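In this text the structure is predicted, and so the values were computed from the model without any measurement. For ligands, and for the atoms within them, numbers begin at 1 and follow the listed sequence. In this chain, numbering begins with 1 at the start of the sequence shown.
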Amino acid sequence: MRKPMIAGNWKMNKTHAEAVALASSLKDSLADLKNIDLVVAPVFTALTSVASIVADSNIQMAAQNCYPADNGAYTGEISPLQLTDIGCSYCLVGHSERRQLFAETDPFINQKMKALLAAGILPILCIGETLEERESGKMFDILKQQIVDALENIDPQQAFEIVIAYEPVWAIGTGKTATSAQAEEVHLFIRDILCTLYGKTVSQQIRILYGGSVKPDNVDELMAQPNIDGALVGGASLKAEDFSRIAHFK
Ligand code: PEP
């Protein structure tokens with residue numbers, strides 16, 4: 001019932017020319033796919049060019065970040081309105097690299113969520129625990145806090161279109177994937193929290209992606225889980241062949 005989504009987070013990789021080449025290649029290799037949301041998140045400098053390449057394709061574009069204001073004296077930042085203007089449909093929010101390297105807090109993430117929704121961009125909200133949090137038994141409390149804080153004052157009419165990406169921090173860029181059972185356990189937990197916040201119908205509509213070293217050789221098992229609705233892919237999204245195989249999961 002939920003439409004699957006495969007999203008590629010290119011992070012701070014690719015020159016403009018390389019990003020254009022990757023987008024063109026994906027446009028061809030993903031062209032046969034239907035009934036799936038395919039999303040790429042290039043660096044800001046490549047967004048406009050990638051937008052024109054994917055404009056008449058089944059690929060949508062995400063930004064990797066935004067600042068929660070329409071415009072103004074925020075040197076170096078980009079607003080949700082500016083992202084709408086160049087054709088972004090989605091924006092990543094709360095990625096663990098932004099939480100860890102740029103000290104982004106849950107209240108700030110909530111501001112971004114609301115600003116994006118107001119501008120008509122759907123947030124892909126990333127949450128996840130560190131290895132220490134998992135091993136010390138704090139994982140579920142941490143995840144619950146991240147969700148509840150990020151969704152504060154977001155009503156069900158907006159929430160049902162939000163995408164959540166569960167990305168255990170210990171699995172990002174490490175080659176260590178959560179087992180499909182570990183991922184499914186957390187996805188079910190997330191859906192239960194969403195049910196408490198928004199009720200059963202909305203919680204069943206919200207897509208929950210798994211992220212963390214998703215590769216061609218593990219995607220099929222992950223996608224076979226009932227509460228895993230897609231994948232947020234980092235490293236493997238940088239090669240057209242790998243991302244295409246992931247998007248063609250079985
Ligand atoms: C990510 O950064 O969102 C991610 C999932 O990265 P990787 O696939 O490289 O672990």
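A salt bridge links D220 with R245: at least one charged nitrogen is closer than 4.0 Å to a carboxylate oxygen.
Of all the atoms in ligand 1, the ones that sit under 4.0 Å from a non-hydrogen atom of S213 are 7 (P), 8 (O), 10 (O). Interface atoms of ligand 1 facing G212, defined by a heavy-atom separation under 4.0 Å, are 5 (C), 10 (O). Ligand-side atoms of ligand 1 in range of A171: 10 (O), range being under 4.0 angstrom from any heavy atom. Proximity to L232 (heavy-atom distance under 4.0 Å) selects the following atoms of ligand 1: 3 (O), 5 (C). Within ligand 1, the atoms closer than 4.0 Å to a non-hydrogen atom of G173 are 7 (P), 9 (O), 10 (O), numbered from 1 in the order shown.
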Residues 6-14, side-chain donor-acceptor partners within the protein, below 3.5 Å, at least two apart:
unit_1, atom_1, unit_2, atom_2, d
N9, OD1, K11, N, 3.0
K11, NZ, E97, OE2, 2.7
N13, ND2, W10, O, 3.0
K14, NZ, L238, O, 3.1

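Looking at H95 next to ligand 1, an N or O pair under 3.5 Å apart turns up.
Side-chain contact between N227 and I208 is absent, with no heavy atoms from C-beta onward closer than 4.5 Å. Contact of the Q205 side chain with the V202 side chain is registered, since non-hydrogen atoms from C-beta on lie closer than 4.5 Å. Considering only heavy atoms from C-beta on, N65 comes within 4.5 Å of F44 through its side chain.
Nearest protein heavy-atom neighbour of atom 3 (O) of ligand 1: E167 OE2, 2.7 Å. Distance from atom 8 (O) of ligand 1 to its nearest protein heavy atom, with residue and atom name: G234 N, 2.8 Å. The nearest protein atom to atom 9 (O) of ligand 1, hydrogens excluded, is given as G235 N, 2.8 Å; this is a heavy-atom distance. Closest to atom 2 (O) of ligand 1 among all protein heavy atoms lies K11 NZ, 2.6 Å.
To the nearest 0.5 Å, atom NZ of residue K215 and atom CG of residue L222 are 12.0 Å apart.
When the ring pair (Phe, Tyr, Trp, His ring centres under 6.0 Å) test is applied to F249, no partner is found at least two apart in sequence or on another chain.
For the pairing with K27, the side-chain contact (heavy atoms from CB on, under 4.5 Å) check across V50, L38, V40, D56 returns one residue only, D56.
In N9, the part holding a heavy atom less than 4.0 Å from any atom of ligand 1 is the side chain.
Residue contact check for ligand 1: A165 places no non-hydrogen atom closer than 4.0 Å to it.
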